[in-house]
Each structure stands twice: as C-alpha cells, then as structure tokens.
Amino acid sequence: MRQGFDTRAIHDGQEFDPTTGAIIPPIYQTSTFVQDGIGGLRGGYEYGRSGNPTRSSLETLLASLEGGRRAFSFSSGLAAEDALLRAVLKPGDHVVLGNDVYGGTHRLINRVHGAWGVRNTTVDLGDLNAVEGALATPGTRILWIETPSNPLMKISDIAALADLGHAAGALVVVDNTFASPALQQPLALGADVIVHSTTKYLGGHSDVIGGALVIDDEELAGNVGFIQFAAGAVSSPMDAWLTVRGIKTLGVRMARHSENAQAIAEALVGHPAIEAVYYPGLPTHPGHELAARQMSGFGGMLSVALAGGAPAARRFAESTTVFQLAESLGGVESLIGYPSEMTHASVRGTELEVSDNVIRLSVGIEDVADLLADIEGALPR
Ligand SMILES: *Cc1c(COP(=O)(O)O)cnc(C)c1O
C-alpha cells in the first residue's frame with residue numbers, strides 16, 4: 001500500500017546516510033565527483049550541473065508528493081517555467097493562459113518567448129467556451145492553468161480544462177504554487193505537468209528561491225531533463241536541502257494556514273471597513289463548491305477590498321505589525337501586500353490589472369488571536 005502524504009513528505013528521497021548513519025542526508029556541497037577510472041561514476045554522479053545527490057533527494061520527494069514519475073528542480077520558479085517552455089515550444093507555437101496568471105509567467109511567455117515568435121492568448125479560465133475558442137488557434141501547444149489565482153483566488157476546474165486542452169492536442173500545465181500538493185493534486189485530475197515556485201509553501205520558511213516541474217510522461221521528462229542540463233538553471237545543493245527540510249512539515253503547515261485564513265476571512269465578512277473578502281473557503285465565494293471538490297483545504301491566501309478605496313488600502317497595508325509588508329507568500333510568517341503597486345505593478349493598464357483598493361494577505365501559522373488583533377487594529381474604524 002502507498003504510504004500517506006505526511007509519511008512520504010518526511011521519508012521519500014531522504015534515506016539516512018549509509019556511511020555514518022546520520023539520519024539526515026548530508027548536503028553534498030560539491031561541484032564534481034571523483035571517478036574510479038575513466039567513466040567509473042559512483043551512483044551516476046559526474047558534475048554538479050548534470051546531477052547532485054541533494055538535488056536528487058528533492059526531486060524524488062517532489063515526484064512522490066505530486067504523484068508523477070519525474071521531477072526537476074531549478075534555481076527559481078521562473079527558471080523552471082522557462083525550461084518547460086523551451087522543451088515544448090518552437091517559433092510560431094501558441095500558448096493559452098488565464099487572464100489572471102502570475103505576472104512573471106505572463107512576462108516570460110509574452111516578452112521573452114514572444115521575442116522568439118511564440119504567440120499567446122489570455123482568456124478567462126472560468127469561461128470554457130472562450131477557452132475552447134482560444135485553444136482552436138492553429139499551433140496551440142500549451143494550456144496554462146493557475147488555481148487558486150492571484151490575488152482574487154479564482155478557482156478553475158482542472159479536470160474540465162484538462163479535457164478541453166487534450167481534445168485540442170495541447171499539453172496541460174498547472175501552476176500548483178498556491179495550493180501545494182498537500183491541498184491539490186493536479187496530475188490526478190488530468191494535468192500533464194506541474195509547475196512550482198518552491199520559494200512559497202514548499203520551502204515554507206522564506207529563506208530560499210526555487211522552482212520545480214513534475215512530469216509523468218517519460219519522453220517529455222527526457223526533453224525537460226536535457227534543457228535542465230544544457231541550460232543549467234539548477235538549484236544549488238544548499239537550496240535543495242533547505243527545501244527538503246521545509247517540505248517535511250508541509251502537511252501540518254497547510255492545515256494551519258487554511259485554519260487561520262478561514263478564521264480571518266470569516267471575521268472580515270461584514271466588517272464596515274471591508275467591501276469584499278476573496279477566500280475560497282467562504283460559501284459566498286463563486287469558486288467555493290469547485291474548490292471543495294478539487295482541493296482538500298482552502299489554503300492560506302486571501303484578499304480583501306477596502307471600502308475606503310486606495311487611501312484606506314495603503315494605510316491598512318502600512319499599519320499591521322505581525323503581518324509584515326513584503327512581496328512573496330507561503331512562509332510561516334504572515335505577510336501583507338498591495339498588489340496594484342507591488343506584485344501586480346507590471347500589469348497596470350492591462351487586463352491583468354488589480355483594483356487599487358485590494359490588499360493581499362499571506363496568512364502565516366502564528367496564533368490566530370494575534371493575527372486577528374493585528375488586522376482589526378489596523379483597519380479604519
Ligand atoms: C512566485 C510565483 C512564481 C515564480 O516563482 P519564483 O520562484 O519567484 O521565480 C510562479 N507562479 C506563482 C503562482 C508564484 O506565486
């Protein structure tokens with residue numbers, strides 16, 4: 001019988017060191033590997049860009065947690081995305097992506113790959129007819145899904161979209177950064193590739209930048225492995241080790257993140273300073289039922305729109321003390337952000353623009369009473 005998620009998070013890819021018995025595998029902080037005669041490699045390791053045992057440990061672990069055959073770890077989430085795009089696309093190809101996709105993903109596809117002749121269409125992933133129409137564009141190779149989305153936590157139907165993508169002959173990619181494999185398993189829902197910014201929940205402690213791809217198909221995995229080796233944006237041994245260290249507690253962290261975010265969302269509904277709360281755990285959220293079906297928890301990210309407009313939103317973001325004002329998300333510590341001038345500043349004036357009264361919270365795992373007191377103290381009354 002396959003072991004449970006939390007058991008695998010703590011043990012897979014993490015066998016104790018056979019020479020010393022050290023329960024935690026060492027960090028193989030090395031660039032190269034001594035050969036027993038020419039071509040006599042120990043365990044297949046030759047040079048640190050092509051492979052390193054600490055990176056292998058993380059890759060084995062990620063493949064297990066997402067339920068894929070192979071995983072590849074990179075120096076950032078965008079480096080992972082870039083490797084996938086280069087492995088799949090050629091000039092003239094077309095990508096369909098959500099109109100609320102992570103801004104950096106849009107920039108990479110639109111500006112970097114766009115300069116090499118890759119075309120893209122952004123579409124509302126909740127409108128299946130519109131998705132089908134965009135997928136009919138000749139040369140479509142990828143359908144790119146991100147759910148829950150940033151910052152309004154829109155939920156997209158992975159299984160339905162995967163069917164549409166496959167019917168059009170496209171590869172179905174899911175950016176699983178916001179949910180993490182603890183709450184959402186896209187490969188089991190029909191996706192072909194998982195993308196992660198491991199910087200966020202997987203690492204979980206705001207101390208490392210990293211990314212990963214998880215793939216079930218052997219041929220595609222071979223092509224991605226070649227780009228990882230040939231272009232070289234691999235994760236360092238130290239970064240891979242820190243990420244494995246973080247993942248051990250992923251299950252308990254995600255449960256606590258979800259519990260705290262749910263309590264805060266419920267406390268803010270109906271608050272006079274708040275115009276709207278965006279959290280999939282609220283029954284009033286348009287994606288609530290789908291999220292309840294597709295995820296095993298609603299996660300730690302929520303956004304609010306302030307009734308007092310941009311000035312009230314800015315004041316709120318600058319007044320909390322436990323919630324610290326910073327980019328990024330997914331760490332044990334709570335963060336607060338102003339998307340229109342921070343994470344989403346680069347998409348102002350486009351259809352990806354975020355309203356200037358919206359504040360995003362990455363709810364950490366501190367005591368919920370302290371988080372609630374911090375928020376209530378910082379809101380206009
Ligand atoms: C942060 C993020 C990325 C990019 O990852 P980096 O590690 O910053 O390169 C991609 N997708 C989502 C959803 C993210 O939040």
Side-chain angles (χ1 to χ4, degrees), residues 58 62 66 71-86 95 97-113 120 122 125 142-156 158 173-184 186 191 193-214 228 231-236 238-240 242-243 246-247 254 257 261 278 280 295 299-303 326-331 335-337 339 342-347 352 354 360-364:
L58 173 58
L62 288 169
E66 288 284 8
F72 300 89
S73 133
F74 294 86
S75 54
S76 74
L78 286 176
E81 295 184 13
D82 183 50
L84 175 66
L85 295 167
R86 289 204 231 187
V95 178
L97 61 171
N99 60 6
D100 53 359
V101 71
Y102 176 73
T105 300
H106 185 260
R107 183 174 55 212
L108 175 66
I109 292 174
N110 198 46
R111 291 179 57 186
V112 180
H113 288 266
N120 73 80
T122 54
L125 293 179
I142 291 179
L143 171 59
W144 192 285
I145 301 166
E146 188 184 318
T147 178
S149 75
N150 182 17
L152 300 184
M153 312 305 144
K154 271 181 57 187
I155 307 295
S156 301
I158 295 173
V173 178
V174 174
D175 183 334
N176 204 24
T177 298
F178 268 43
S180 93
L183 302 183
Q184 180 166 274
V193 181
I194 308 296
V195 171
H196 272 291
S197 170
T198 57
T199 309
K200 317 291 170 52
Y201 286 106
L202 286 164
H205 295 74
S206 308
D207 51 11
V208 60
I209 298 280
L213 300 173
V214 186
Q228 186 195 41
V234 296
S235 42
S236 73
M238 185 70 188
D239 287 356
L242 279 168
T243 306
I247 290 173
M254 292 315 293
H257 281 297
Y278 304 95
M295 304 172 73
M301 297 300 299
L302 76 97
S303 293
E327 304 256 358
S328 200
L329 61 112
L335 299 180
I336 190 165
M342 294 170 66
T343 49
H344 289 64
S346 67
V347 294
L352 279 73
V354 176
R360 189 185 77 177
L361 302 174
S362 172
V363 180

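Every number for a ligand or one of its atoms is a count from 1 in the order of the listing. Every heavy atom of this structure was used, including side-chain atoms; hydrogens, water molecules and symmetry mates were not.
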- Task: Go through ligand 1 atom by atom and flag the ones less than 4.0 Å from a non-hydrogen atom of S197.
- Result: 1 (C), 2 (C), 3 (C), 4 (C), 5 (O), 6 (P), 7 (O)
- Item | Where ligand 1 meets E146 - atom numbers and elements under 4.0 angstrom, heavy-atom basis | 13 (C)
Tell me: protein heavy atom nearest [atom], and distance?
| atom | result |
| --- | --- |
| atom 13 (C) of ligand 1 | D175 OD2, 3.4 Å |
| atom 4 (C) of ligand 1 | Y102 CE2, 3.5 Å |
| atom 14 (C) of ligand 1 | K200 NZ, 3.0 Å |

Could you report the tightest heavy-atom contact between [X] and [Y], atom names first, then the distance?
| X | Y | value |
| --- | --- | --- |
| M153 | S303 | CE-OG, 3.9 Å |
| T198 | A212 | CG2-CB, 4.0 Å |
| E66 | Q184 | OE1-O, 4.1 Å |

Please say whether [X] places an N or O atom under 3.5 Å from an N or O atom belonging to ligand 1.
| X | value |
| --- | --- |
| T105 | no |
| F178 | no |
| G77 | yes |

- Message: Counting only heavy atoms closer than 4.0 Å, does ligand 1 sit against the backbone of T199, its side chain, both, or neither?
- Response: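 The answer is the side chain of T199.
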- Task: Consider only side-chain N and O atoms of S197 and T177, and report whether a donor and an acceptor are under 3.5 Å apart.
- Result: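 No, no side-chain donor-acceptor contact under 3.5 Å.
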4.5 Å side-chain heavy-atom contact, [X] and [Y]:
| X | Y | answer |
| --- | --- | --- |
| T122 | N110 | no |
| M301 | Y201 | yes |
| E81 | L78 | yes |

- Message: Taking only non-hydrogen atoms of G210, do any sit less than 4.0 angstrom from ligand 1?
- Response: yes
- H196 heavy atom under 4.0 Å from ligand 1: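 Not so, H196 does not reach ligand 1.
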- Task: Say whether, by atom type as modelled, one donor and one acceptor occur between the side chain of S149 and the main chain of D100 under 3.5 angstrom.
- Result: no
